Amino acid sequence: MKPKNTVIIILSLFLFSCEQKYSIRDNQVYLKGWNEGSGNYERLVEKADAKTFQKIENDENLTIGKDNKYVFFETEIIDNFDPKTLKYIGNYYFIDKDSAYFFGFYSSKNDCEIIGVNPNKLRRLKKYPWTDDDKHIIYGHDIAEIKSINDFKVI
């Protein structure tokens, strides 16, 4: 590879990377990042408790964090989540003690709950965005009752 091409590739990765991350400074939580429109930015995550705040690790590049009271998507509080029991299970799916949530495609960050499923039995399937619980096959937010997951095949 020519040196000129290597420089272009490295610059492209640097310039077009839109990674966000949380940082804690002066007992406050901030969201730091970069985008083409505004360049470098740092936004206060209001109501976040810096002493109990932690990022929820996931492999979907979602910026989600929680403290002892709230769950945050970037800087916004997400309603109805239980921060004490919230877990990431994969393929944009999260669960807490009462509900299951899907962040793969949504109309509102506060409209991610999958109604009618058993979060304690939710398991992701290999093919995105499929998952199931003990009674349903689930595609994103859509659910259908099934008798047996063994009879279901994703095509």
Side-chain angles (χ1 to χ4, degrees), residues 9 12-24 29-50 52-155:
I9 290 170
S12 296
L13 291 172
F14 176 75
L15 292 174
F16 297 109
S17 172
C18 296
E19 185 177 328
Q20 300 180 112
K21 65 180 180 177
Y22 290 112
S23 66
I24 297 174
V29 179
Y30 293 89
L31 177 69
K32 296 171 101 176
W34 181 91
N35 67 38
E36 294 89 5
S38 57
N40 288 322
Y41 61 84
E42 182 176 75
R43 297 185 186 117
L44 178 65
V45 182
E46 295 183 33
K47 295 188 179 181
D49 176 28
T52 61
F53 190 87
Q54 56 186 282
K55 181 181 192 283
I56 299 173
E57 297 299 328
N58 62 82
D59 52 5
E60 316 305 344
N61 203 22
L62 296 172
T63 309
I64 297 180
K66 67 180 183 176
D67 63 14
N68 60 343
K69 291 184 182 178
Y70 304 107
V71 174
F72 300 88
F73 185 92
E74 298 174 352
T75 60
E76 294 179 43
I77 293 174
I78 307 173
D79 297 329
N80 302 326
F81 279 48
D82 178 19
K84 292 175 178 68
T85 61
L86 185 67
K87 293 188 291 187
Y88 172 70
I89 65 165
N91 281 354
Y92 294 92
Y93 287 96
F94 293 80
I95 59 170
D96 65 18
K97 67 180 174 54
D98 297 319
S99 300
Y101 308 92
F102 178 68
F103 277 92
F105 39 87
Y106 54 86
S107 57
S108 165
K109 293 172 185 153
N110 282 310
D111 187 28
C112 295
E113 186 175 0
I114 307 166
I115 307 297
V117 301
N118 182 347
N120 298 314
K121 300 285 184 171
L122 197 74
R123 64 186 180 114
R124 74 176 183 168
L125 300 178
K126 291 178 185 174
K127 192 116 170 131
Y128 168 84
W130 294 95
T131 191
D132 71 338
D133 67 3
D134 55 341
K135 296 180 183 168
H136 305 93
I137 189 71
I138 304 157
Y139 179 87
H141 296 99
D142 298 326
I143 67 172
E145 195 167 317
I146 57 172
K147 290 183 183 180
S148 169
I149 188 62
N150 298 327
D151 298 335
F152 183 81
K153 300 255 187 284
V154 176
I155 55 172

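Predicted model, so just to flag it, every value in this text is computed and none were measured.
- Between the OG1 atom of Thr52 and the NZ atom of Lys69 there is a distance of 9.0 Å, given to the nearest 0.5 Å.
- Using cut-offs of 30° and 60° on the angle between ring planes, the pair Phe94 and Phe103 is perpendicular.
- The distance from the OG1 atom of Thr63 to the CD atom of Glu19 is 8.0 Å, given to the nearest 0.5 Å.
- Counting only distance, with no hydrogens or angles, the side chain of Asp49 and the backbone of Asp67 share no donor-acceptor pair below 3.5 Å.
- Contact between Tyr22 and Glu74 at its shortest, heavy atoms only, is OH-O, 2.7 Å.
- Rounded to the nearest 0.5 Å, atoms CZ (Phe102) and CD1 (Ile138) are 10.5 Å apart.
- For the atom pair CD (Glu113) and CD1 (Ile78), the distance works out to 12.0 Å, reported to the nearest 0.5 Å.
- Note that the CD1 atom of Ile115 and the CG atom of Asp142 stand 12.0 Å from one another [nearest 0.5 Å].
- A 6.0 Å sphere centred on OH of Tyr139 holds no more than 12 heavy atoms belonging to other residues, nucleotides or ligands.
- Taking every heavy atom of both residues into account, Ala48 and Phe53 meet most closely at CB-CD1, 4.1 Å.
- Residues Phe72 and Ile77 meet the side-chain proximity criterion, which asks for heavy atoms closer than 4.5 Å.
- For Pro119 against Asp96, the heavy-atom pair with the smallest separation is CB-O, 3.6 Å.
- For the pair Ile137 and Ile146, the tightest heavy-atom approach, listed with the atom from each and the gap, is CG2-CG2, 3.8 Å.
- Applying the salt bridge (charged side-chain N to carboxylate O under 4.0 Å, His left out) test to residues at least two apart or on different chains, the pairs with a partner in residues 121-130 are Arg123-Asp132.
- In this structure, Tyr70 contributes its side chain and Asp79 its backbone to no donor-acceptor pair below 3.5 Å.
- For His136, there are no ring-ring contact (aromatic ring centres under 6.0 Å, His included) partners, not counting sequence neighbours.
- Residues Lys66 and Ile56 meet the side-chain proximity criterion, which asks for heavy atoms closer than 4.5 Å.
- Taking OH of Tyr41 as the reference point, atom OH of Tyr30 lies at 15.5 Å (rounded to 0.5 Å).
- Between Pro129 and Phe105, the shortest heavy-atom distance links the atoms CG-CE2, 4.2 Å.
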side-chain hydrogen bond (donor to acceptor under 3.5 Å, both in side chains) between Asn80 and Tyr101, intermediate numbers included
CA-CA 10 Å; Asn80 302 326; Tyr101 308 92; over 6 Å; no
Can you give the donor-acceptor pairs under 3.5 Å from side chains of residues 83-92 to other protein atoms, not counting sequence neighbours?
unit_1	atom_1	unit_2	atom_2	d
Lys84	NZ	Asn68	O	3.0
Thr85	OG1	Asp82	OD2	2.8
Thr85	OG1	Lys97	N	2.9
Tyr88	OH	Asp59	OD1	2.2
Tyr88	OH	Glu60	OE2	2.5
Tyr88	OH	Asn91	N	3.3
Asn91	ND2	Leu125	O	3.3

